[in-house]
Amino acid sequence: MTRLAEYFLPTLREDPADAEWTSHKLMVRAGLVRQLGAGLWTWLPSGYRVIKRIEAIIRSELDAIGGQEMLMPVLQPAELWRRTGRYEIEELFKLRDRKDADFVLAMTHEENVTYHVSHDVRSYRELPLILYHLQTKERDEPRPRAGVLRVREFTMKDSYSFDRDTEGLDRSYELHIEAYDRIFDRCGLRTYRVESDVGMMGGLGAHDYMAPCAAGENEIALAPGYAADVEVAVADPQPVELPPPLDEPRRVPTPELTTVEEVSGTLGVPAGALIKAMPVIVNERMVLALVRGDHRLNELKLRHALGTEFRAAHPEEIEAQLGPPGFIGPIGAELPILKDAAIEGDGYVCGANEPDAHLIGVAPGRDFNFEEVDLRSVEAGDIAPGGGRIELQRAIEVAGIFKLGTRYSEPLGATYLDERGEERPIVMGSYGIGPARTVAAAVEQGADDKGIVWPRTIAPWDVHLVRLGKPEDEAARTADALYGELREAGAEVLYDDREAGPGEKLTDAELLGCPLRLVVGKRALAEGGVEAQIRRDGAAERLPVAEAAKRALELLDGID
RNA sequence: CGGGGCGUGGCGCAGCUUGGUAGCGCGUUCGGCUGGGGGCCGAAAGGUCGCGAGUUCAAAUCUCGCCGCCCCGACCA
């Protein structure tokens, strides 16, 4: 029963003042969601309809690969998390009960599910297993942002695979890839499956599903046959024309020139001919990381190269150990030096470690020693593995899949007995999807200047039926009858039977963005029937009243 | 956690610099007109000015503290 006159669908004429992104603005304006606090969102009836449709698609595809749905609690004993070492995660909500026992609010459910599997799975005969649930996750986010995109409480579909060995894990992983590809395809979302960092999850490998759109927090590198998060992307750099090499470095004055642009501009060399030196502190010791002047240091790659956390050096530390910030370089530095692999050849420019001076004609190896590693983020135009040119795009991470290996099964004692009676750790994978992010990504990707344009499969309703004129008009009787016929035929229909002006009703329909709009009014009836309009392309058509319902369903079928 | 911004009827905002009757648009309610792109006329309801302390005869306005929200960064399954 969805008559708008009695339905809770509060639309807004103006954008909310605190919204920056299209999806945030439109989801609030269209009455899908309302905010309760920072990173805390309520799904109103229309928005929750979208969520439920996405969840139904997820369930059907997971069931299809043999997933078994269950439900695990959000409130959990801290003990489990201590055993896997995740209790220390800052984002984990921690609390105590009245007896002063420690609890956490789960951010995912590896500990929980592995605990049960460790108790109740003992034989290789019981493997493999795919278990999943749709459950609330809690995260003490440092900075919630962008509407429902980064929040402190959200629902996630998370599944977990349990296999006898890594070959089994590979199969479970592949099954999830196939299921996820189908899920996002069915949701009408454009996504890329990209290589990603395994993160704090630990494990053997990971991919993310990225939905490109402006509001995305992540950046992905795309080329024909290649897709990766820029955090892990690799590519051959674009060549740079180096100045002629010298027999030895020569000091040149560069008064007050501290940026790459200033130095390269003044010396008349390309930015890529400079060596940027970034001093970082690792376990109290300074290390110098070098990248080309036209490249960006990739902090994740640096962390991997160092094998541990690091922080940027403070200006005083730089001054004390190297020279004035803005004029530092590797030559003469008594420090471990990591050089990015893109710094090739001789003739570079770098800081002289003294005020207002740089060195030209620098030759790595001859003039300083280093360890060579991949430290830079790829740039648009670089050559990807496979030969294509890299293009960078922002994207929303809507799903992530991880090969966990024995990261959780070992500390939690999840083992099985194999055919020979030997005890072995279960090999695990975990696979998440964020339905709310999927909604936001669909809104971002489909919106136009009038409002949302839903993919047909996840729209809150198939048909937005608008009745114009007074309730006692002839048109109202026609609209009432059409509403009944459409529902009879199985269509999900939102019927705007409010006593409101045509402008308000029509703009609301465009804002909400259901795939097919039907308008019943005096004018349309006089001109031969009901007006049908496809939201996506605006194509309009008159449907004779007698066959309006039938024809409307045909039109629906023709949309995506 | 660092930087910036904001907090005034449901929503969007003005008022604050220079202290003295709390205002505008939209929305809401009632009556009437209108009825294909948020229309018109008339009447009305609705605000502890985020919270607390201070200064003052007097605080939305000045001072201090706190809280909340947004943005950038740090951070991030």
Side-chain angles (χ1 to χ4, degrees), chain A residues 10-21 24-25 28-29 31 34-41 84 86 89-92 106-111 137-147 149-152 154 156-158 160 196-203 206-209 215 217-218 229 231 299-300 303 309-312 397-404 407-408 429-434 437 450 466-476 496 498-511 517-527 530-531 533 540:
Chain A
T11 58
L12 263 35
R13 192 202 291 242
E14 293 170 278
D15 287 333
D18 54 10
E20 289 281 315
W21 299 99
H24 184 181
K25 290 175 185 170
V28 172
R29 282 186 54 203
R34 285 293 184 267
Q35 185 169 18
L36 184 64
L40 300 172
W41 289 84
T84 58
R86 292 213 297 172
I89 294 177
E90 281 192 58
E91 274 184 64
L92 185 66
M107 47 199 298
T108 54
H109 284 74
E110 279 82 2
E111 281 81 359
K137 306 288 182 255
E138 307 282 350
R139 290 182 194 178
D140 193 356
E141 283 288 345
R143 184 156 90 85
R145 63 175 287 277
L149 279 184
R150 178 158 292 273
V151 293
R152 295 193 288 184
F154 61 100
M156 178 190 265
K157 184 292 298 176
D158 40 327
Y160 304 92
S196 68
D197 184 52
V198 294
M200 333 166 38
M201 307 281 312
H207 288 83
D208 282 328
Y209 281 75
E217 287 188 284
N218 298 66
D229 195 305
E231 286 194 326
E299 297 191 5
L300 183 70
R303 200 176 312 147
E309 290 298 322
F310 68 89
R311 64 169 172 85
E397 180 189 335
V398 289
I401 57 179
F402 305 86
K403 292 185 180 179
L404 297 175
R407 163 75 179 81
Y408 293 89
S430 87
Y431 317 85
I433 296 182
R437 284 186 171 186
K450 294 191 179 75
V466 177
R467 181 181 88 188
L468 297 181
K470 298 181 211 177
E472 61 272 20
D473 288 349
E474 171 66 26
D496 190 349
R498 294 175 300 175
E499 288 199 52
E504 186 176 350
K505 293 183 155 197
L506 297 174
T507 48
D508 268 358
E510 279 150 355
L511 176 61
R517 187 183 77 185
L518 298 178
V519 180
V520 182
K522 235 185 342 207
R523 199 173 84 187
L525 291 177
E527 289 172 19
V530 174
E531 183 193 286
Q533 189 170 43

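Here is how names work: the chains are called A, B, and so on, in the same order as the sequence lines, proteins then strands, and each is numbered from 1.
Applying the 3.5 Å distance criterion, the base of G36(B) shares a donor-acceptor pair with the side chain of Glu531(A). Side-chain to base pairing of Arg467(A) with G35(B): no donor and acceptor N or O lie closer than 3.5 Å to each other. In terms of polar N and O atoms assigned as donor or acceptor, the side chain of Glu510(A) comes within less than 3.5 Å of the base of G37(B) in a complementary pairing.
Across C64(B) and G23(B), the matching P atoms stand 29 Å from one another, rounded to whole Å. Only the P atoms considered, A59(B) is 27 Å distant from G68(B), to the nearest whole Å. Distance check on atom P: U48(B) versus C57(B) gives 27 Å, rounded to whole Å. Nucleotides C76(B) and G19(B) have their P atoms positioned 49 Å apart, rounded to a whole Å.
For the pair Arg139(A) (side chain) and Met107(A) (backbone), a donor-acceptor distance under 3.5 Å is present. Arg152(A) contributes a side-chain N or O that, together with a main-chain N or O of Ala38(A), makes up a donor-acceptor pair within less than 3.5 Å. With hydrogens and angles disregarded, no donor-acceptor distance shorter than 3.5 Å links the side chain of Arg145(A) to the backbone of Glu217(A). Although no hydrogens or angles enter the test, the distance criterion places no donor-acceptor pair under 3.5 Å between the side chain of Asp473(A) and the main chain of Ala475(A).
Under the Watson-Crick and G-U wobble criteria, each requiring two contacts below 3.5 Å, nucleotide U63(B) is paired to A53(B). With a cut-off of 3.5 Å on both pairing distances, G47(B) has no Watson-Crick or G-U wobble partner at all. A 3.5 Å limit on both hydrogen-bonding distances identifies C30(B) as the Watson-Crick or G-U partner of G42(B). Applying the Watson-Crick and G-U wobble criteria (two distances, each under 3.5 Å), G23(B) pairs with C13(B).
Pro144(A) comes within 4.0 angstrom of sugar-phosphate atoms only, judged by non-hydrogen atoms across all strands, and of no base. Residue contacts shown for Ala19(A) are absent, as no nucleic acid heavy atom lies under 4.0 Å away.
With sequence neighbours excluded, no residue forms a ring pair (Phe, Tyr, Trp, His ring centres under 6.0 Å) with Trp21(A). Scanning for salt bridge (charged side-chain N to carboxylate O under 4.0 Å, His left out) contacts around Glu141(A) gives Arg150(A), with sequence neighbours left out. Applying the side chain to side chain donor-acceptor pair (under 3.5 Å) test to Lys505(A) and every residue at least two apart in sequence or in another chain returns nothing. Qualifying ring pair (Phe, Tyr, Trp, His ring centres under 6.0 Å) partners for Tyr431(A), counting only residues two or more places apart in sequence or in other chains: His176(A).
Rounded to whole Å, the distance from CD on Glu141(A) to P on G73(B) is 15 Å. The distance between atom CH2 of Trp41(A) and atom C1' of C70(B), rounded to the nearest whole Å, is 11 Å. The CD atom of Glu504(A) sits 11 Å away from the C1' atom of G39(B) (whole-angstrom rounding). Rounded to an integer number of Å, the gap from CD of Glu217(A) to C1' of G73(B) is 13 Å. Going from atom CG of Leu506(A) over to atom C1' of G36(B) covers 7 Å, rounded to whole Å.
Of all nucleotides listed (C76(B), C75(B), G38(B)), C75(B) comes nearest to the side chain of Glu299(A). The listed nucleotides are G38(B), G36(B), C69(B); the one nearest the side chain of Arg523(A) is G36(B).
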Protein-nucleotides 11-14 of chain B N/O pairs under 3.5 Å:
| unit_1 | atom_1 | unit_2 | atom_2 | d |
| --- | --- | --- | --- | --- |
| G12(B) | OP1 | Ala17(A) | N | 3.4 |
| G12(B) | O2' | Glu14(A) | OE2 | 3.3 |

Might you list the N or O atoms of the protein lying below 3.5 Å from N or O atoms in nucleotides 4-9 of chain B, with each pair's distance?
none

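For the pair Arg13(A) and G27(B), the criterion of a side-chain N or O lying under 4.0 Å from OP1 or OP2 is met. One finds a side-chain N or O of Arg143(A) lying less than 4.0 angstrom from the OP1 or OP2 phosphate oxygen of C72(B).
Asp158(A) and Thr108(A) share no donor-acceptor pair across their side chains, judged by distance under 3.5 Å alone.
A salt bridge is defined here as a Lys NZ or Arg NE, NH1 or NH2 lying under 4.0 Å from an Asp or Glu carboxylate O, and Arg517(A) with Glu510(A) meets this definition.
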